[in-house]
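Have a look at this one before I ask anything.
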Amino acid sequence: MKRLFSGIQPTGAVHVGNYLGAILNWRELQSEYDAVFCIVDLHAITINYDVATLQDRIERMAATLLACGLDAPDRCTLFVQSHVPAHTELAWYLNTVTPLAELQRMTQFKSKSQQHEKNINAGLLTYPCLQAADILLYKGEVVPVGEDQVQHIELSRIIARKWNNRFSPLFPEPAERVSYGKRIKGLDGQAKMSKSLDNYLDVLEEPAGIWEKLRPAFTDPARLRRSDPGTPEICNIHALHTYFSSPEEIGRVEEGCRSAGLGCFDCKRILADNMAAHFAPVRARSAELLADRSALREILRKGAQRAQEMAAATMVEVRKAMGLA
Ligand code: TYM
């Protein structure tokens, strides 16, 4: 089986963008590939963060991923990045073959530098070297991500190529695999959904909370009416219907919007109900998992153990190829 690798930051909440852009795909692909999923705490510390709650956020992230259908440890490997120290060792080695100019042109580096102008640290710049290390440590060939991460995967390929050319042809060049929901817009209808822009919907949100967030969300019925039927991504709310509503309902809300027979309020109400129903089992399951923290930690420990074995084998080859052993 080919190896698949992907990661997610323990930001505290899995939002609908993460879910549609990445996690649904992960769940599908875990039986097709030898799938390795990582909660990337070392990436999360490149911005100011709350030390006291980091462990809790990691565990909540693990619980949510499991509740969304990642079947660890049976059908995939789920672990925490800092539990496998080889990530940072390999990241350092990769730093030495990564052109500075490539790092400086990354759009995420530019946007994060703007968002965190008081803390533009070196880690923010070399972030993609650590991300390349994550993938290459496991010789990952397929990397399911949302569109915003594609540039980093392209750079991972460049880094793999440079290292292979300089030392030894050890690493496969990883390929991104983007999903149908590759760029989910936020509730503002403008930017992509993200935690930092506070335009997100948490998959664990209570039904009342879903409605509270959807009710004032941006809509664009005029634009939808001007577009051809079936055009995707015209109105933000309509786009979400395509993921959470039945084909009949999607047809009905679109037709209702075009004929002005259905107002935005009612359109959102239908969506809110469907999303609440969709995520009800995820909410229930994650609560169960969080009720037994030691069992949860045991799943992560098993994941780290398996990841550590794979990583150790790669590092023996890497150190040898680089003349370090
Ligand atoms: P992160 O934690 O920001 O996001 C996790 C995954 O969710 C996707 N995503 C979205 N997809 C569609 N629409 C959106 N609005 C949206 N927002 C987020 C992301 O593309 C991602 O797939 N650097 C990575 C984590 C990482 C990683 C890796 C990924 C670290 N090492 C190695 C792949 C391979 C990140 O910050 O993702």
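Each ligand, and each atom within it, is numbered from 1 in the order the structure gives.
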(message) Show me which atoms of ligand 1 lie under 4.0 Å from any heavy atom of R183.
(response) 12 (C), 13 (N)
(request) Compute the shortest N/O to N/O distance between E147 and ligand 1 and return yes if it is under 3.5 Å, no if not. (result) no
(request) Give the residue, atom name and distance (to 0.1 Å) of the protein heavy atom nearest atom 13 (N) of ligand 1. (result) I184 N, 2.9 Å
(request) Report yes if some heavy atom in the side chain of I47 is under 4.5 Å from a heavy atom in the side chain of L124; otherwise report no. (result) yes
(message) Side chains of Y93 and E89 only: does a donor on one sit below 3.5 Å from an acceptor on the other?
(response) yes
(request) Considering only NZ, NE, NH1 and NH2 on the basic side and carboxylate oxygens on the acidic side, decide whether E176 and K182 come within less than 4.0 Å. (result) no
(message) For I23, which part has a heavy atom under 4.0 Å from ligand 1: side chain, backbone, both, or neither?
(response) neither
(message) Taking atom CZ as the centre, does R166 end up with more than 12 heavy-atom neighbours from other residues, nucleotides or ligands that are less than 6.0 angstrom away?
(response) no
(request) Report yes if some N/O of D134 lies less than 3.5 Å from some N/O of ligand 1; otherwise report no. (result) yes
(message) Could you check whether atom NZ of K213 has more than 12 heavy atoms from other residues, nucleotides or ligands sitting under 6.0 Å from it?
(response) yes
(message) Using a 4.0 Å cut-off to any heavy atom of G21, which atoms of ligand 1 qualify?
(response) 11 (N), 12 (C)
(message) Residue-level breakdown please: for V40 versus ligand 1, do any non-hydrogen atoms fall below 4.0 Å on the side chain, on the backbone, on both, or on neither?
(response) side chain
(request) Output yes when the distance from some N or O of ligand 1 to some N or O of G7 is under 3.5 Å, and no in every other case. (result) no
(request) Decide whether the shortest distance between a heavy atom of S194 and an atom of ligand 1 is less than 4.0 Å. (result) no
(message) Salt bridge or not between K2 and D34? Use side-chain N to carboxylate O under 4.0 Å.
(response) no
(request) Quick one: look up the protein heavy atom nearest atom 1 (P) of ligand 1 and list residue, atom name and how far away it is. (result) Q9 N, 4.3 Å
(message) What protein heavy atom lies closest to atom 11 (N) of ligand 1? Include the residue and the distance to one decimal.
(response) G17 O, 3.3 Å
(request) Could you tell me whether I135 and ligand 1 have an N or O pair separated by under 3.5 Å? (result) no
(message) For atom 6 (C) of ligand 1, what is the closest protein heavy atom, and at what distance to 0.1 Å?
(response) A22 CB, 3.7 Å
(request) Enumerate the atoms of ligand 1 whose separation from the nearest heavy atom of F5 is less than 4.0 angstrom. (result) 32 (C), 34 (C)
(message) Assess whether a salt bridge exists between R105 and E102, defined as any Lys/Arg side-chain N lying under 4.0 Å from an Asp/Glu carboxylate O.
(response) yes
(request) Check each atom of ligand 1 against the heavy atoms of G181 and keep those under 4.0 Å away; list them by number with element. (result) 12 (C)
(request) For ligand 1, note which part of V143 has a heavy atom under 4.0 Å away: side chain, backbone, both or neither. (result) side chain
(message) Nearest non-hydrogen contact with atom 8 (C) of ligand 1 belongs to which option: G146, A133, P128, G186?
(response) G146
(message) Check this for me: K268, atom NZ, are more than 12 non-hydrogen atoms of other residues, nucleotides or ligands nearer than 6.0 Å?
(response) yes
(request) State if Q108 counts as touching ligand 1 under the rule of any non-hydrogen atom under 4.0 Å. (result) no
(message) Students should be able to answer this: which protein heavy-atom is nearest to atom 20 (O) of ligand 1, and at what distance?
(response) D148 OD1, 2.4 Å
(request) Would you mind telling me if ligand 1 is within reach of the side chain of K182, the backbone, both or neither, using heavy atoms under 4.0 Å? (result) backbone
(request) Using a strict cut-off of less than 4.0 Å between a Lys/Arg side-chain nitrogen and an Asp/Glu carboxylate oxygen, indicate whether K320 and E317 qualify as a salt bridge. (result) no
(message) Is the contact between M193 and ligand 1 made by the side chain, the backbone, both, or neither, using heavy atoms and a 4.0 Å cut-off?
(response) both
(request) Identify the protein heavy atom lying closest to atom 23 (N) of ligand 1, giving its residue, its atom name and the separation to 0.1 Å. (result) Y127 OH, 2.7 Å
(request) State whether the shortest distance between N or O atoms of Q149 and N or O atoms of ligand 1 falls below 3.5 angstrom. (result) yes
(request) Report the relative orientation of the aromatic rings in Y200 and H15; use parallel for angles under 30°, tilted for 30 to 60°, perpendicular for over 60°. (result) tilted
(message) Please report whether ligand 1 has a polar contact with P144, defined as an N or O pair separated by less than 3.5 Å (distance criterion only).
(response) no
(request) In plain terms, say whether R252 and E255 are close enough for a salt bridge, that is, a side-chain N and a carboxylate O under 4.0 Å apart. (result) no
(request) Check the angle between the aromatic planes of F5 and F79 and answer parallel, tilted or perpendicular using the 30° and 60° thresholds. (result) perpendicular
(request) Could you tell me whether the side chains of E249 and N274 share a donor-acceptor contact shorter than 3.5 Å? (result) yes
(request) Identify the protein heavy atom lying closest to atom 18 (C) of ligand 1, giving its residue, its atom name and the separation to 0.1 Å. (result) N18 ND2, 3.3 Å
(request) Would you mind checking if E206 and R283 are paired as a salt bridge, meaning a charged N to carboxylate O distance below 4.0 Å? (result) yes
(request) Salt-bridge test for R258 and E254: reply yes if a basic N is under 4.0 Å from a carboxylate O, no otherwise. (result) yes
(request) Return the residue, atom name and 0.1 Å-rounded distance of the protein heavy atom closest to atom 27 (C) of ligand 1. (result) Q131 NE2, 3.4 Å
